[in-house]
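Input: a single structure, listed below in structure tokens.
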Amino acid sequence: MNSGFTAFTSVHDVPDLAPLLEEALRVKASPLAWSDIGKHKTLGLVFFNSSLRTRLSSQKAAWNLGMHTMVVNVGTESWKLEMHDGAIMDSDTVEHVKEGAAVIGAYSDIIGVRAFASLTDKVADTSEHTLSQFQRYAGKPIVSLESALRHPLQSFADLITIEEIRRLANIQRRPKVVLTWAPHPKALPQAVPNSFAEWMLKADVDLTIAHPEGYELDEAFTRGAVLTHNQDEALQGADFVYAKNWSAFLGDSYGRVLTRDASWTITAAKMRLTNDGKFMHCLPTRRNVEVADEVLDSASSLVIQQAENRVVAAQTVLKRMLDK
Ligand code: SN0
């Protein structure tokens with residue numbers, strides 16, 4: 001028996017991971033087996049930030065279920081939304097989220113929202129301000145398409161990918177999964193690593209997180225993982241290497257780039273430290289900064305499979321919401 005979702009914004013919305021994972025594998029095996037359940041329903045997709053995989057995979061997932069989709073890019077092709085209650089709107093924001101979200105809600109049965117961390121306003125970011133304003137005012141179930149703190153559809157797709165490889169390689173023990181910080185020219189959010197950690201810590205794997213000093217994530221997401229500043233040590237025996245850049249989280253360093261240390265780039269030599277490990281990244285990635293061509297272009301890279309599984313993850317979540 002499925003338990004339907006009324007929201008999907010974190011792993012905490014999932015009562016039990018194992019049946020969800022099984023359901024995803026069924027969806028992947030027969031993507032068009034439920035092509036009627038979304039008939040005459042509309043998925044509204046709201047983007048405050050750029051997207052390639054999320055934008056396309058959410059639409060594809062909805063179409064596989066018979067749903068219609070509407071996409072709006074806030075600020076560039078819709079009015080710039082005011083997010084703060086009580087604001088005096090005499091500047092550049094044109095429409096308040098109270099109306100904006102309610103209108104999108106009136107046109108949609110389910111709403112996906114992408115709203116990255118600002119990386120400048122830590123209070124707003126850690127309270128998931130944009131996502132929660134949508135939850136408050138849209139009046140319809142919300143799916144996170146990456147919020148300030150999390151990217152649950154990505155983490156779910158990552159879990160599906162790991163499970164597929166685990167079965168294929170017939171790994172009976174708990175696989176060793178290493179999440180490693182990698183260098184990047186820009187300050188990026190912590191959402192992907194937070195979320196990946198949160199999902200892996202609930203899954204049947206052992207998680208190690210490696211990052212340079214100063215890049216500690218919020219321990220609410222990482223408690224229970226092995227934490228280290230030594231990447232080489234972390235990579236020993238790894239079955240999966242998940243590389244991702246993030247900016248600093250702690251204290252006054254919030255949102256800052258503290259180092260671009262190239263010795264943290266994932267190279268073929270680094271991969272040789274692993275247990276014939278597979279390379280993972282959520283994409284987009286900066287080639288030869290986060291990860292060397294030789295790794296991305298090798299047979300050990302799972303990045304395209306992860307991206308394919310974004311459709312499966314989104315479709316499984318939408319299916320559960322429609323089942324409700
Ligand atoms: C986003 C992030 O959260 O890190 C989305 C990842 C799914 N990534 C970026 O914004 C990359 C931007 C860049 O310039 O490389």
Side-chain angles (χ1 to χ4, degrees), residues 8-11 45-61 73-76 112-122 124-126 128-131 143-161 179-200 209 211 215 217-218 221 242-249 254-260 262 264-266 279-293 296 301-314 317:
F8 184 79
T9 61
S10 85
V11 76
L45 295 167
V46 182
F47 288 93
F48 287 86
N49 313 95
S50 301
S51 164
L52 188 153
R53 276 149 294 281
T54 300
R55 181 179 301 262
L56 300 181
S57 64
S58 327
Q59 294 187 77
K60 173 103 180 162
N73 301 303
V74 178
T76 52
V113 179
R114 162 159 288 193
F116 287 177
S118 65
L119 298 180
T120 50
D121 185 344
K122 189 171 182 175
D125 291 348
T126 50
E128 297 275 36
H129 184 67
T130 303
L131 186 72
V143 179
S144 166
L145 306 176
E146 184 170 343
S147 67
L149 296 180
R150 298 176 169 94
H151 196 355
L153 285 173
Q154 181 65 51
S155 312
F156 183 19
D158 298 334
L159 178 65
I160 296 167
T161 309
L179 166 63
T180 177
W181 180 93
H184 197 286
K186 265 174 50 184
L188 296 187
Q190 300 91 24
V192 170
N194 282 345
S195 198
F196 184 75
E198 194 171 60
W199 280 69
M200 287 303 126
I209 304 176
H211 57 72
Y215 279 94
L217 294 162
D218 185 343
F221 295 101
Y242 197 102
K244 179 73 182 88
N245 174 265
W246 62 87
S247 60
F249 174 76
Y254 182 67
R256 281 177 41 204
V257 175
L258 306 177
T259 176
R260 292 183 188 174
W264 282 75
T265 302
I266 298 296
F279 176 81
M280 300 179 74
H281 192 287
C282 62
L283 301 179
T285 189
R286 302 294 191 107
R287 278 180 174 258
N288 303 310
V289 182
E290 289 185 277
V291 50
D293 283 343
L296 267 179
S301 172
L302 300 178
V303 298
I304 305 303
Q305 188 173 334
Q306 289 172 263
E308 281 173 13
N309 284 332
R310 289 295 307 277
V311 179
V312 182
V317 167

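All of these numbers come straight from a predicted model, not from anything done at the bench. Start at 1 and go down the list; that is how both ligands and their atoms are numbered. For this chain, numbers begin at 1 and follow the sequence in order.
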About how many Å separate CZ of F221 and CZ of F196, when rounded to the nearest 0.5 Å?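 Between F196 CZ and F221 CZ, I get 14.5 Å after rounding to 0.5 Å.
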Only one of T285, T180, T265 clears side chain to side chain donor-acceptor pair (under 3.5 Å) with E290; which?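 In the set T285, T180, T265, the residue that makes a side chain to side chain donor-acceptor pair (under 3.5 Å) with E290 is T285.
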Just jot down the side-chain contact (heavy atoms from CB on, under 4.5 Å) partners of L258, sequence neighbours excluded, or say none.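 Result, side-chain contact (heavy atoms from CB on, under 4.5 Å) vs L258: Y215, A248, S253, R256.
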Check each N or O atom of ligand 1 against all protein N or O atoms and list the pairs under 3.5 Å, with atom names and distances to 0.1 Å, one per line.
| unit_1 | atom_1 | unit_2 | atom_2 | d |
| --- | --- | --- | --- | --- |
| ligand 1 | 3 (O) | E146 | OE2 | 2.7 |
| ligand 1 | 4 (O) | K244 | NZ | 2.7 |
| ligand 1 | 14 (O) | K186 | NZ | 2.8 |
| ligand 1 | 14 (O) | R286 | NH2 | 2.5 |
| ligand 1 | 15 (O) | H184 | NE2 | 2.9 |
| ligand 1 | 15 (O) | R286 | NE | 2.8 |
| ligand 1 | 15 (O) | R286 | NH2 | 3.3 |

Test item: R114 and S50 side chains (from C-beta on) under 4.5 Å apart, heavy atoms: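 When only atoms from C-beta onward are counted, S50 and R114 do not touch, as no gap falls below 4.5 Å.
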Just grab all the salt bridge (Lys or Arg N to Asp or Glu O under 4.0 Å) pairs involving residues 182-197, residues at least two apart or on different chains.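 For residues 182-197, and leaving out neighbouring residues, there are no salt bridge (Lys or Arg N to Asp or Glu O under 4.0 Å) pairs at all.
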Holding to ring-ring contact (aromatic ring centres under 6.0 Å, His included), I want the full list of residues that pass it with H129, two or more places apart in sequence or in another chain.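 Scan of H129 (ring-ring contact (aromatic ring centres under 6.0 Å, His included), adjacent residues dropped) gives H84.
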